[in-house]
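Predicted model only: the values in this text are computed from it and were never measured.
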Amino acid sequence: MERKLRVGVLGATGMVGQRFISLLENHPWYEVVTVAASPRSAGKTYEEAVAGRWKMAAPMPEAVKKLTVMDVNEVEKVASTVDFVFSAVDMTKEQIRAIEEAYAKTETPVVSNNSAHRWTPDVPMVIPEVNPEHFEVIAAQRKRLGTERGFIAVKPNCSIQSYAPALAAWREFEPYEVVATTYQAISGAGKTFQDWPEMVENIIPYIGGEEEKSEQEPLRILGRVEGGEIVKATEPVITCQCIRVPVLDGHTAAVFVKFRKKVTKEELVEKLVSFKGLPQELKLPSAPEQFIRYMEEDDRPQVKLDVDFENGMGISIGRLREDTVYDWKFVGLSHNTVRGAAGGAILCAELLTAQGYISAK
């Protein structure tokens with residue numbers, strides 16, 4: 001790449017926006033040149049706009065501190081400064097759909113962390129190792145939007161990352177029924193324990209909208225491209241409960257699966273650890289070398305020990321064993337704001353860049 005692509009982060013002052021900023025520091029392909037947020041932050045330096053609210057463990061990158069925050073609603077102005085944008089805006093779904101389409105129509109690709117476009121038929125929702133072929137619908141989306149290079153691509157919900165990759169790895173054994181319970185970190189709500197002291201030593205058995213996402217989004221990931229849109233898979237049928245737990249980062253899932261085909265533990269583990277995709281083949285900058293690892297210890301994976309596997313971009317699976325009601329059960333762990341949010345979106349952008357969908361203006 002002759003020069004780094006110029007990147008904008010929409011919603012740069014929120015927790016996921018901060019994670020984008022942090023992960024993009026010293027990126028070999030991308031340089032954050034523009035940060036945009038709500039009008040109340042516009043005009044301040046980024047350092048001023050997030051003063052006292054920087055939630056990452058690593059310090060704020062020096063390169064962004066003095067960037068002047070732009071008004072995210074000034075679409076043409078923001079778009080004129082960048083080659084593409086990451087979207088982590090905090091608005092209503094209708095507002096997000098409208099503003100992301102507005103950016104796309106300025107011929108600026110949008111790689112979004114938001115849920116607003118996850119069910120737009122011609123918007124690809126991608127885990128790069130699992131369903132990169134879904135990017136093919138971008139051609140149909142561009143036709144609808146009337147653009148040549150502008151489009152929207154999204155990554156799926158953070159909650160499914162700890163079990164959907166395993167289901168994808170096991171497709172040849174035909175999983176047809178899944179029961180999952182997710183134990184979700186507070187950073188998924190954009191919070192720290194300082195912001196949310198009532199979560200200390202507490203569990204809340206409700207996360208608004210999360211169960212439907214956790215049941216339906218894997219089916220879109222496992223679906224197919226047909227007639228310029230994504231047609232979701234009909235199986236496996238998934239039922240899910242989503243519980244907020246007193247953990248900062250890391251979503252854990254306890255999962256039960258029924259398979260149509262008889263399968264051994266050895267075969268299931270082998271499929272997990274050998275599961276690779278285009279990010280690994282292309283050696284993309286953010287791609288984990290080992291996408292899924294299997295842990296034999298009875299007490300793993302654990303959030304404290306394992307959430308940062310492969311810099312937070314790998315998935316850890318353990319406790320795979322036969323079940324008395326279902327065929328098999330296991331526990332999965334993923335980093336919800338890295339693989340499940342900003343990191344997953346960055347990996348999508350890297351694959352889109354490698355495939356020529358994103359380029360310099």
Side-chain angles (χ1 to χ4, degrees), residues 1-37 46-47 50 54-70 78-79 81-89 103 108-114 126-129 132 135 149 151-155 158 161 249 277-291 308-314 335-361:
M1 198 169 292
E2 289 181 19
R3 68 163 176 82
K4 290 187 179 185
L5 296 180
R6 301 167 303 156
V7 175
V9 178
L10 313 181
T13 57
M15 180 175 268
V16 175
Q18 292 178 25
R19 181 68 76 181
F20 274 119
I21 297 285
S22 185
L23 292 176
L24 288 165
E25 185 179 20
N26 302 319
H27 193 283
W29 294 3
Y30 306 142
E31 180 184 1
V32 176
V33 298
T34 299
V35 288
Y46 186 71
E47 189 174 30
V50 297
W54 180 255
K55 297 177 180 181
M56 301 296 105
M60 184 186 297
E62 289 295 327
V64 300
K65 284 184 176 179
K66 302 306 177 192
L67 291 178
T68 300
V69 178
M70 299 179 74
V78 174
T81 66
V82 298
D83 294 312
F84 76 100
V85 296
F86 289 110
S87 175
V89 290
Y103 274 93
T108 304
V110 178
V111 182
S112 180
N113 182 70
N114 296 304
V126 170
I127 297 175
E129 288 88 350
F135 286 143
R149 71 189 299 282
F151 64 88
I152 303 160
V154 301
K155 52 142 288 297
C158 53
Q161 313 283 335
D249 292 313
L278 280 176
Q280 286 72 38
E281 289 173 30
L282 297 171
K283 294 186 169 18
L284 298 178
S286 299
E289 192 172 322
Q290 182 73 38
F291 177 38
D308 292 319
F309 171 58
E310 290 279 15
N311 299 312
M313 289 297 286
H335 196 306
N336 56 296
T337 66
V338 181
R339 168 58 78 164
I346 291 169
L347 189 59
C348 281
E350 291 169 359
L351 185 52
L352 287 160
T353 303
Q355 293 183 326
Y357 289 100
I358 293 175
S359 58
K361 281 184 178 173

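- Side-chain N or O atoms of Q161 include none that pairs as donor or acceptor with a backbone N or O of G340 at under 3.5 Å.
- Looking at every heavy atom in both residues, M313 comes nearest to F291 through O-CD1, 4.3 Å.
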- Step by step, work out the side chain to side chain contact (heavy atoms under 4.5 Å, CB included) result for F84 and L352. CA-CA 11 Å; F84 76 100; L352 287 160; over 6 Å; no
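- When every heavy atom of V50 is checked against every heavy atom of Q18, the shortest pair comes out as CG1-NE2, 4.2 Å.
- In the displayed structure, E289 atom CD is contacted under 6.0 Å by at most 12 heavy atoms of other residues, nucleotides or ligands.
- Note: H27 and W29 have perpendicular aromatic rings, judged against thresholds of 30 and 60 degrees for the angle between ring planes.
- At distances below 3.5 Å, at least one donor-acceptor pair connects side-chain atoms of Y46 with backbone N or O atoms of A12.
- Looking at R149 and S359, their side chains come closer than 4.5 Å, going by heavy atoms from C-beta outward.
- Contact detail for C158 and N336: the closest heavy-atom pair is CB-O, 3.6 Å.
- Remark: L67 pairs with V32, V35, V64 by the side chain to side chain contact (heavy atoms under 4.5 Å, CB included) rule, at least two apart or across chains.
- With salt bridges taken as basic N to acidic carboxylate O contacts below 4.0 Å, one links R6 and D83.
- Minimum interatomic distance between G11 and V89 (heavy atoms only, all atoms of both residues): N-CG1, 3.8 Å.
- You'll find the side chain of T337 stays beyond 4.5 Å of the side chain of K55, heavy atoms only.
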- Message: F20 vs N113, test: side chain to side chain contact (heavy atoms under 4.5 Å, CB included). Steps then yes/no.
- Response: CA-CA 10 Å; F20 274 119; N113 182 70; 4.3 Å; yes
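- Closest non-hydrogen pair, F135 versus C348, comes out as CZ-O, 4.2 Å.
- Counting heavy atoms from C-beta outward, L284 and L347 have side chains that approach closer than 4.5 Å.
- Taking the six-membered ring for Trp and thresholds of 30 and 60 degrees, F86 and Y30 have ring planes more than 60 degrees apart, a perpendicular arrangement.
- Taking OG1 of T108 as the reference point, atom CD1 of I358 lies at 11.0 Å (rounded to 0.5 Å).
- Contact check for V82 versus V33: side-chain heavy atoms found under the 4.5 Å cut-off.
- In this structure E62 satisfies the side chain to side chain donor-acceptor pair (under 3.5 Å) test together with K65, sequence neighbours excluded.
- In terms of the side chain to side chain donor-acceptor pair (under 3.5 Å) criterion, residue partners of Q280 (sequence neighbours excluded) are, by chain and number, E129.
- In this structure, a donor-acceptor pair under 3.5 Å is absent between the side chains of S87 and Y103.
- Of the residues N26, L23, I21, the one that meets the side chain to side chain contact (heavy atoms under 4.5 Å, CB included) test with P61 is I21.
- Taking CZ of R19 as the reference point, atom NE2 of H335 lies at 4.5 Å (rounded to 0.5 Å).
- One distance of note links NZ of K155 with CG of N114; it measures 8.5 Å at 0.5 Å rounding.
- Between L24 and V9 the shortest heavy-atom distance is CD1-CG2, 4.4 Å.
- Side-chain atoms of K361 come within 3.5 Å of backbone atoms of A79 as a donor-acceptor pair (strictly under, hydrogens ignored).
- Note: E310 CD to S286 OG = 11.5 Å, rounded to the nearest 0.5 Å.
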